[in-house]
Amino acid sequence: MPELPEVETMRRGLLCLVGRRIAAVNRPPCRCRPIALTPRLAQFRRRAVGQRIEAVERRGKRVLLVLTAGERIVFEPRMTGLVLVGRPPDRDYLRFELTVSGRGPKRLLFWDRRGLGSVKLLRPDEVETQLGSNQLGPDALEVTATTLRKRLSPSRRAIKIALLDQRSLAGVGNLYASEILHVAGVHPERPCARLATDEWRRIHATMRRVLKRAIAMEGSTLSDGTYRTALNNPGSYQNFHRVYDRRGDKCPTCCIGTIERIVQGQRSTFFCPVCQPANGRARSR
DNA sequence: CCCCAGTCCTGCGGGC
DNA sequence: TGCCCGCAGGACTGGG
């Protein structure tokens, strides 16, 4: 479930690789089905080995290694994927390995228990067609309040659903969507088209605040313990969750409401009916 | 445009 | 106690 804060934490953990050269590309033997690489391993090697890692970028929930030729190696963790320079949790689900030259960590690992994630080597034009503005909305930490409102407000969808749509806005996932709307005092089922300008302002400001705090805490490691930083440490933002996975708890903000769980688009949403009333007259905090 | 169900995958929790 | 079902969900696809 890495979302923007977790993926940004991974990105920062990979900055130690900048300036170093890719010496080898491997799919280490593991207990699981080998990861499907794009392109296939032989061509991946041909194009990647010898290239210098010029920068490490993030686009929404993906981490990108920028290579000399302008190509990018794109890691998409999806549910359980990890990009590591430290020890992997185990060798069973180790799917991909980049060996690098020079000082510092010797290799970058892609570990993925459920195997829904992917690793791709893309040419610059492929990066644009696959990760450009036609496919991916503006990054949640870069979008302005005005742009956010203009992009989402024409829609009649529920605000929670819209926040999860990566073509509208990149980076927010299921966990942070609930957390953001709670602090913003906006009911998750309210249609975008019915939100007032002031609510959009609160959603925007809250989104930035929540995501930045989560980054400062190195993301959220839930009870399954899957998410890890690049150095294989847990994050600590889970200790600050106000609603996510807290159904039945007293709301920590108002101390009156009880956290509810509903399903939207086949995903769990958590909210406080007192802080986030359905009629939209919530005051934030 | 938007919604829904199905798909991928594995671990785990609830229920019997 | 042990086993099985179904849930968890990010992104994508196909049908309505």
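Source: prediction; values computed, not measured. Chain A is the first sequence line, chain B the second, and so forth, proteins listed ahead of strands; every chain is numbered from 1.
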key: Bend angle of the helix from B:dC2-C:dG16 to B:dC16-C:dG2, from helix axes over five pairs at each end, nearest 10°   =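 The end axes of the helix from B:dC2-C:dG16 to B:dC16-C:dG2 are about 50° apart, to the nearest 10°.
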Protein-nucleotide distance ([X], atom [atom1]; [N], atom [atom2]), rounded to Å:
X: A:Phe75; N: C:dG10; atom1: CZ; atom2: C1'; value: 18 Å
X: A:Lys120; N: C:dG10; atom1: NZ; atom2: C1'; value: 13 Å
X: A:Met79; N: C:dC7; atom1: CE; atom2: P; value: 15 Å
X: A:Phe110; N: B:dC9; atom1: CZ; atom2: P; value: 15 Å
X: A:Ile35; N: B:dC8; atom1: CD1; atom2: P; value: 17 Å
X: A:Arg247; N: C:dC7; atom1: CZ; atom2: P; value: 12 Å
X: A:Leu164; N: C:dC12; atom1: CG; atom2: P; value: 14 Å
X: A:Met1; N: C:dC7; atom1: CE; atom2: P; value: 20 Å

Touch class at under 4.0 angstrom, heavy-atom based, for [X] against every strand present:
X: A:Arg62; value: sugar-phosphate
X: A:Tyr244; value: sugar-phosphate
X: A:Glu3; value: nothing
X: A:Ser268; value: sugar-phosphate

key: Note, A:Val143 side chain near A:Leu169 side chain (heavy atom, < 4.5 Å)   =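 Result yes, sub-4.5 Å side-chain heavy-atom pair found.
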query = Which pairs with one or both residues in residues 43-70 of chain A pass ring-ring contact (aromatic ring centres under 6.0 Å, His included), sequence neighbours excluded?
reply =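 Those involving residues 43-70 of chain A are A:Phe44-A:Phe96.
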query = Minimum heavy-atom separation for A:Cys275 to A:His182, with atom names?
reply =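 Between these two residues, the closest heavy atoms are SG-NE2, 3.9 Å.
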On the nucleotide [N], are OP1 or OP2 found under 4.0 Å from the side-chain N or O atoms that [X] carries?
X: A:Gln166; N: C:dA11; answer: yes
X: A:Thr80; N: B:dC9; answer: no
X: A:Arg157; N: B:dC3; answer: yes
X: A:Lys61; N: C:dA11; answer: yes

query = For the atom pair CG (A:Leu94) and CZ (A:Arg113), what is the distance rounded to the nearest 0.5 Å?
reply =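 It is 14.5 Å, given to the nearest 0.5 Å.
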Which atom pairs, donor and acceptor, lie under 3.5 Å between side-chain atoms of residues 60-80 of chain A and protein residues at least two apart or in another chain?
unit_1: A:Lys61; atom_1: NZ; unit_2: A:Val172; atom_2: O; d: 3.4
unit_1: A:Arg62; atom_1: NH2; unit_2: A:Glu76; atom_2: OE2; d: 3.3
unit_1: A:Thr68; atom_1: OG1; unit_2: A:Arg52; atom_2: N; d: 3.1
unit_1: A:Thr68; atom_1: OG1; unit_2: A:Arg52; atom_2: O; d: 3.4
unit_1: A:Thr68; atom_1: OG1; unit_2: A:Glu54; atom_2: OE2; d: 3.1
unit_1: A:Glu71; atom_1: OE1; unit_2: A:Gln51; atom_2: NE2; d: 3.1
unit_1: A:Glu71; atom_1: OE2; unit_2: A:Arg47; atom_2: NE; d: 3.0
unit_1: A:Glu71; atom_1: OE2; unit_2: A:Arg47; atom_2: NH2; d: 3.0
unit_1: A:Arg72; atom_1: NE; unit_2: A:Glu57; atom_2: OE1; d: 3.0
unit_1: A:Arg72; atom_1: NH1; unit_2: A:Gly70; atom_2: O; d: 3.0
unit_1: A:Arg72; atom_1: NH2; unit_2: A:Glu57; atom_2: OE2; d: 3.2
unit_1: A:Glu76; atom_1: OE1; unit_2: A:Ser118; atom_2: OG; d: 3.4
unit_1: A:Glu76; atom_1: OE2; unit_2: A:Arg78; atom_2: NE; d: 3.1
unit_1: A:Thr80; atom_1: OG1; unit_2: A:Asp112; atom_2: OD1; d: 2.5
unit_1: A:Thr80; atom_1: OG1; unit_2: A:Arg114; atom_2: N; d: 2.9

query = Would you call A:Glu199 and A:Arg190 a salt bridge, taking side-chain N to carboxylate O under 4.0 Å as the test?
reply =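 Between A:Arg190 and A:Glu199 there is a salt bridge, with a charged N closer than 4.0 Å to a carboxylate O.
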ask   = Would you call A:Arg58-A:Asp139 a salt bridge at under 4.0 Å N-O?
value =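 Here A:Arg58 pairs with A:Asp139 in a salt bridge, since their nearest N and O are under 4.0 Å apart.
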inquiry  = Just to verify, what does A:His241 make a ring-ring contact (aromatic ring centres under 6.0 Å, His included) with, not counting sequence neighbours?
reply    =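 A:His241 satisfies ring-ring contact (aromatic ring centres under 6.0 Å, His included) with A:Tyr237 once adjacent residues are dropped.
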All salt bridge (charged side-chain N to carboxylate O under 4.0 Å, His left out) counterparts of A:Arg167, not counting sequence neighbours =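 With neighbours one apart ignored, the set is A:Asp165.
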ask   = If you check every side-chain atom of A:Ile161, which of C:dC12, B:dC3, B:dC4 has the closest atom?
value =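 Selected nucleotide (nearest to the side chain): B:dC3.
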ask   = On DNA chain B, nearest-nucleotide positions of A:Gln266 versus A:Arg156: which is more 5'?
value =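 It is A:Arg156, whose closest nucleotide lies nearer the 5' terminus.
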Hydrophobic cluster identity match, A:Met10 and A:Leu131, side-chain contacts under 4.5 Å =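 Different clusters: A:Met10 never reaches A:Leu131 through Ile, Leu, Val, Met, Phe, Trp or Tyr contacts under 4.5 Å.
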Sub-3.5 Å pairs of nitrogen or oxygen atoms, protein against nucleotides 10-12 of chain B:
unit_1: B:dT10; atom_1: O3'; unit_2: A:Tyr93; atom_2: OH; d: 3.4
unit_1: B:dG11; atom_1: OP1; unit_2: A:Tyr93; atom_2: OH; d: 2.3

